[in-house]
Amino acid sequence: MFRDMTTVEVDLCVAIIQEYFGHDAALVGKILLTNMLTFHGLIMDLKSKLSVKQIRRIMAIFEHHNILIYTASERGVRYTIPIENVLRILRIPRSMVIVKLMYGKVAEAIFEEIFSQGKISCSDCIRHVVERLQCEINEAKAKFVRLTESQLLIKCPEIENAEYDCPVFAPLVDPFMMPSQILDGSDEIVPMEENLRKRKATIYKPDSDANTLWSINWPRVERFLRDELIVGLISQNELLDETSVNLARAVLKVGEIKADLIASQSNPIAVQEVSKYAREHEIKLSRDEIEQKLSILGKESSGIIHYDLAFDCICRQNIESAIREKLDDRSVRIFRLLCTKGYLEEEQMEKLAMLSSKEVKEICYVLLDHNFITIRPIHRTNDFNPVRCLYLYSVQLQQVAKSLVCLSSKALRNVIIRRQAEAKHNETLTDRQLKMESVISNIKKDTNMDEETKNTQIADVKEMYLTESDIVKLDKLKRAQTALHKAALELEQSLFIFQQYLLFKKSSTLQIADKKKSRKKTEIV
Amino acid sequence: MANEAEIIDQIMLILKQRPDGISRDELQLHTEHIDQNMRMNVINRLLNTNVIELLHEKGTTNFVIRIKKQTTKIENATLEEQQTTKIENATLEEQQVYSHLEEANKNGIWIRDLREKTGLSEALLKKVLKNLEQRKLVKSVKAAGTMRKTYMLYEIEADDKVTGGKFYEDQQLDTKFVQDLMNYCVGMIVNHRRLAESQNPNDIFLAKEASYISIERITQFINSKGICKVPITESDVERILDVAVLDERLEKRSDEDSYRAINVTKKPPPTALAKVPCLQCPVAIPVCAPLLLVAILPSPPTTLTLRIHARQRTDPRQSNEKDTRSRSRRNNRLAEPPQHRRFGELKEAIVKAWQEVDQETIDNLVLSMDARIFQVINRNGGPTDY
């Protein structure tokens with residue numbers, strides 16, 4: 001697990017933990033991200049900075065928010081934080097947008113509630129959402145059911161046995177089944193036994209489902225994000241219009257239900273299934289139209305969606321765009337040439353790309369500098385004579401993707417730190433603004449004065465608290481913050497793209513290795 | 001005794017059967033009935049009249065006799081006619097060189113190959129070539145892409161392989177010409193596609209089929225418009241259009257060799273990496289880490305000396321001497337602070353120095369970061385004013 005990590009990704013995760021959980025949590029997080037420790041080991045590392053009680057509390061918070069994982073080993077229980085779990089925090093805004101598009105505002109609120117609480121029971125969640133949005137309980141219930149049906153929410157496994165070091169969990173039988181009784185807890189006070197009456201708190205009747213906690217089913221959410229990216233890729237094809245793009249989305253949804261979560265290709269999908277789905281989701285197209293549009297999307301693919309190819313394409317587009325921004329158009333030409341042709345010499349590149357030899361040399365060295373292409377010297381003679389040495393250039397996409405993962409993580413971390421620093425720098429100003437707003441709202445609520453005096457008072461207060469230049473500064477700060485947030489979101493998407501591409505590549509190499517092994521076995525047998 | 005003329009005819013017949021030449025031993029086998037002396041005389045006479053030539057076989061003392069290439073065309077002419085050489089007042093060596101160059105025709109011969117074929121010494125060969133050049137019978141052409149100088153007859157046009165084709169001028173690719181021609185072709189293909197789509201508004205597949213245009217039609221079009229001074233061939237057009245495919249302006253269909261324009265209205269947006277300066281920043285990959293710089297540099301924490309060694313864009317195949325020199329120079333700059341004997345001491349000193357930095361300095365550093373980086377970018381990695 002620790003082999004695929006890099007320092008930059010770890011640093012990014014520490015910055016995220018610091019923003020959402022605080023400075024102390026960041027200290028704990030930093031150690032747990034890079035090691036798999038027992039609790040004792042963790043205390044030893046942190047003994048100068050935090051007390052045992054603080055560490056324990058922080059770890060409980062991490063576990064509750066599905067960041068910490070633990071396994072039992074011979075030496076005891078070992079804890080660690082996988083990087084993925086922390087990066088998921090950054091994916092929330094995008095996933096919320098998707099949920100809102102597909103299921104509506106209430107569903108989005110439910111999703112947000114569950115994420116912010118980490119793990120929460122169904123009844124509590126619905127109660128909070130109803131309170132916040134002032135909507136109907138039935139509506140909230142219905143949306144919760146929809147979310148569980150689409151497998152976006154998953155039950156946390158219940159504890160069977162809490163006597164050993166590590167809690168033993170019961171196997172999840174129906175991870176998406178709604179509990180039969182919800183929201184039946186009420187404010188009536190349950191009569192307690194005599195000896196418990198010493199406790200001050202009154203105990204209300206709990207819900208029947210208070211012990212079944214729900215959390216976000218991240219693999220499914222990531223699947224949704226992936227589908228969105230693929231739809232984005234498909235919509236670039238100018239042959240398709242709005243309805244076709246929606247149809248493509250429908251096809252992807254159908255594919256989702258049938259295939260594994262991390263399959264690189266889906267099973268073949270029939271037109272029948274797509275039309276059934278379309279009917280269910282009110283896409284108003286007749287069967288013939290569906291067939292025609294599907295044939296545009298992919299005539300001979302026999303209904304198989306190639307996720308790995310799609311991501312290959314998206315990844316390549318991103319890399320080419322990065323090269324175009326950083327260098328120039330001719331470098332993109334050479335990069336694409338090497339991608340399609342494989343290994344080439346400088347002279348061959350000259351002829352194929354129609355550039356002079358000086359230009360080709362310059363572009364190749366710059367691309368090499370920035371690790372977009374690699375060079376491979378091949379010696380023709382036995383004595384490694386450099387004159388008789390052939391230099392072949394090629395593109396190793398996995399390497400480029402890895403280096404861009406590092407760059408995006410670094411950029412993302414810089415953006416987060418910059419945003420925090422700006423906010424802190426202007427802290428006094430923002431505090432003043434808050435105070436002013438509270439005073440103004442108090443004036444507005446005051447029933448003693450009439451409109452005119454209120455307005456004059458408000459104007460006075462505004463003048464007193466903030467000058468013209470302050471207002472300008474605050475405006476600038478606000479714009480800067482939104483710009484930085486936006487940049488962070490987009491960078492996170494790039495990071496997601498490169499990581500998914502590398503995942504697909506890894507699984508495909510594993511498949512090839514397995515095939516070879518099985519072939520060897522059959523040969524031996 | 002056979003007539004000399006008859007012997008000559010016999011030998012010529014044998015030689016004609018073997019246009020690549022026949023070795024002396026083989027000739028002996030074929031002409032056993034002829035007296036050795038007679039044979040020698042005949043061969044010498046033929047040599048003298050430049051009908052046949054003698055080539056040394058490499059490594060052995062054997063030699064090969066063959067009919068001179070120029071004379072194979074004139075089959076019916078008599079020996080006397082064949083005696084007339086193509087050039088007057090030329091020495092034997094010059095004639096030899098000339099005949100080789102004639103053989104080479106369009107491709108020309110490299111000077112080293114010429115030396116091997118004629119067996120002349122370098123100095124002599126150079127003199128001969130200089131002579132021929134002065135008399136404007138021979139010219140040297142520098143091949144495109146290589147450093148060789150090839151020699152060929154004056155009147156003959158150099159082949160495409162040597163000059164590089166129509167796109168080369170003075171052995172350098174005429175990029176502007178290529179670019180203009182490519183734009184013209186792409187414009188034409190885009191128009192064709194628009195036409196196809198307007199003619200077939202209902203059927204998308206038909207429209208797609210119709211918007212493909214074959215190479216022949218494109219070539220015809222270009223030649224008819226007369227854009228270039230020389231007529232363009234199909235292979236030239238193919239080369240240009242393949243480059244346009246690389247630039248994502250066209251797509252190619254391999255089974256028919258036809259091209260179609262790509263609609264540029266729906267291009268993907270630039271990648272998110274481009275929205276942060278980290279992509280362009282020259283220190284992003286090796287050095288950047290917001291708080292690390294402070295602990296490493298020895299100068300007092302209030303000033304930040306950000307010295308980036310601007311790397312020259314050199315050939316990566318050259319040795320790394322430059323890098324090691326710069327590294328030692330950089331290390332020497334850091335040699336001021338106290339020396340530590342043990343690793344533990346150094347570690348403690350570093351941690352202490354780090355902790356001594358006050359928060360305000362760090363804040364200043366973080367906030368001045370974008371100004372510093374923009375300076376670095378503007379100066380292409382050179383020193384900043386901070």
Side-chain angles (χ1 to χ4, degrees), chain A residues 11 232-233 235-239 296 317-319 321-322 324-326 329 332-333 336-337 340 347 350-357 359 361-362 365-366 368-371 375 377 386 389 391 403-404 406-408 410-411 413-415 417-418 421-422 424-425 486-487 489-494, chain B residues 144-146 164-165 167-168 171-175 178-179 181-182 204-205 207-208 239-240 242-248 262-281 284-285 288-291 311 313-318 362-363 365-367 369-370 373:
Chain A
D11 283 339
L233 180 67
S235 64
Q236 282 166 20
N237 187 351
E238 62 278 3
L239 284 178
I296 297 175
Q317 269 180 357
N318 265 288
I319 296 178
S321 169
R324 192 172 286 127
E325 299 289 328
K326 186 164 188 172
D329 256 337
V332 180
R333 202 194 278 184
R336 279 171 64 96
L337 178 66
T340 45
E347 285 121 20
E350 267 173 56
K351 291 215 162 54
L352 288 167
M354 305 287 269
L355 293 167
S356 70
S357 73
E359 287 180 346
K361 275 200 177 88
E362 197 190 319
Y365 300 157
V366 172
L368 209 60
D369 242 356
H370 294 116
N371 290 322
I375 193 171
C389 185
Y391 291 94
S403 78
L404 283 179
C406 280
L407 184 64
S408 356
K410 217 171 223 172
R413 179 182 179 229
N414 289 344
V415 164
I417 292 183
R418 176 60 190 246
E422 286 238 336
K424 193 153 170 226
H425 186 73
K486 189 170 158 213
L489 284 176
E490 301 202 348
L491 276 173
E492 187 282 313
Q493 196 184 40
S494 304
Chain B
T146 62
F167 306 118
Y168 282 79
Q171 274 72 46
Q172 281 288 1
L173 183 62
D174 192 356
T175 351
V178 168
Q179 197 67 32
L181 196 58
M182 182 163 62
I204 295 189
F205 282 115
K208 189 173 173 189
R239 274 176 76 191
I240 294 190
D242 280 339
V243 177
V245 169
L246 277 183
D247 271 346
E248 279 190 284
I262 290 186
N263 197 344
V264 285
T265 54
K266 278 197 190 174
K267 261 208 174 125
T271 180
L273 282 171
K275 299 192 179 157
V276 254
C278 291
L279 186 66
Q280 263 83 344
C281 174
I285 296 291
C288 171
L291 305 176
R311 276 210 284 165
R313 300 252 162 82
T314 55
D315 193 340
R317 306 176 216 165
Q318 287 171 14
I362 298 179
D363 289 344
L365 286 170
V366 172
L367 288 173
M369 204 157 85
D370 71 349
I373 288 183

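Proteins come first, then strands; the chains are lettered A, B, ... in the order of their sequence lines, and each starts at number 1.
- There is no contact between A/Ile319 and chain B, counting heavy-atom distances below 4.5 Å.
- In plain terms, the two heavy atoms of B/Arg239 and A/Lys351 that are nearest each other are NH2-O, 3.6 Å.
- Contacts between A/Glu492 and chain B at a heavy-atom distance below 4.5 Å are absent for every atom of the residue.
- Here the side chains of A/His425 and B/Asp363 are not in contact, with every heavy-atom distance at 4.5 Å or above.
- In this structure, A/Lys326 contributes its side chain and B/Leu279 its backbone to a donor-acceptor pair below 3.5 Å.
- Taken to the nearest 0.5 Å, the OG1 atom of A/Thr340 stands 9.5 Å off from the CG atom of B/Asp242.
- The shortest heavy-atom contact between B/Val276 and A/Ala411 is CG2-CB, 4.1 Å.
- Rounded to the nearest 0.5 angstrom, B/Met369 CE and A/Arg418 CZ are separated by 7.0 Å.
- At distances below 3.5 Å, at least one donor-acceptor pair connects side-chain atoms of A/Arg336 with backbone N or O atoms of B/Leu246.
- Top candidate by heavy-atom pairs under 4.5 Å with chain B, chosen from A/Lys424, A/Glu359, A/Glu325, is A/Glu325.
- The CD atom of B/Gln179 sits 10.0 Å away from atom CE of A/Met354, with the distance rounded to the nearest 0.5 Å.
- For A/Ser494, the part lying near chain B is the side chain, with the backbone staying farther off; criterion is any non-hydrogen pair under 4.5 Å.
- The distance from the CG atom of B/Leu367 to the CD atom of A/Glu422 is 6.5 Å, given to the nearest 0.5 Å.
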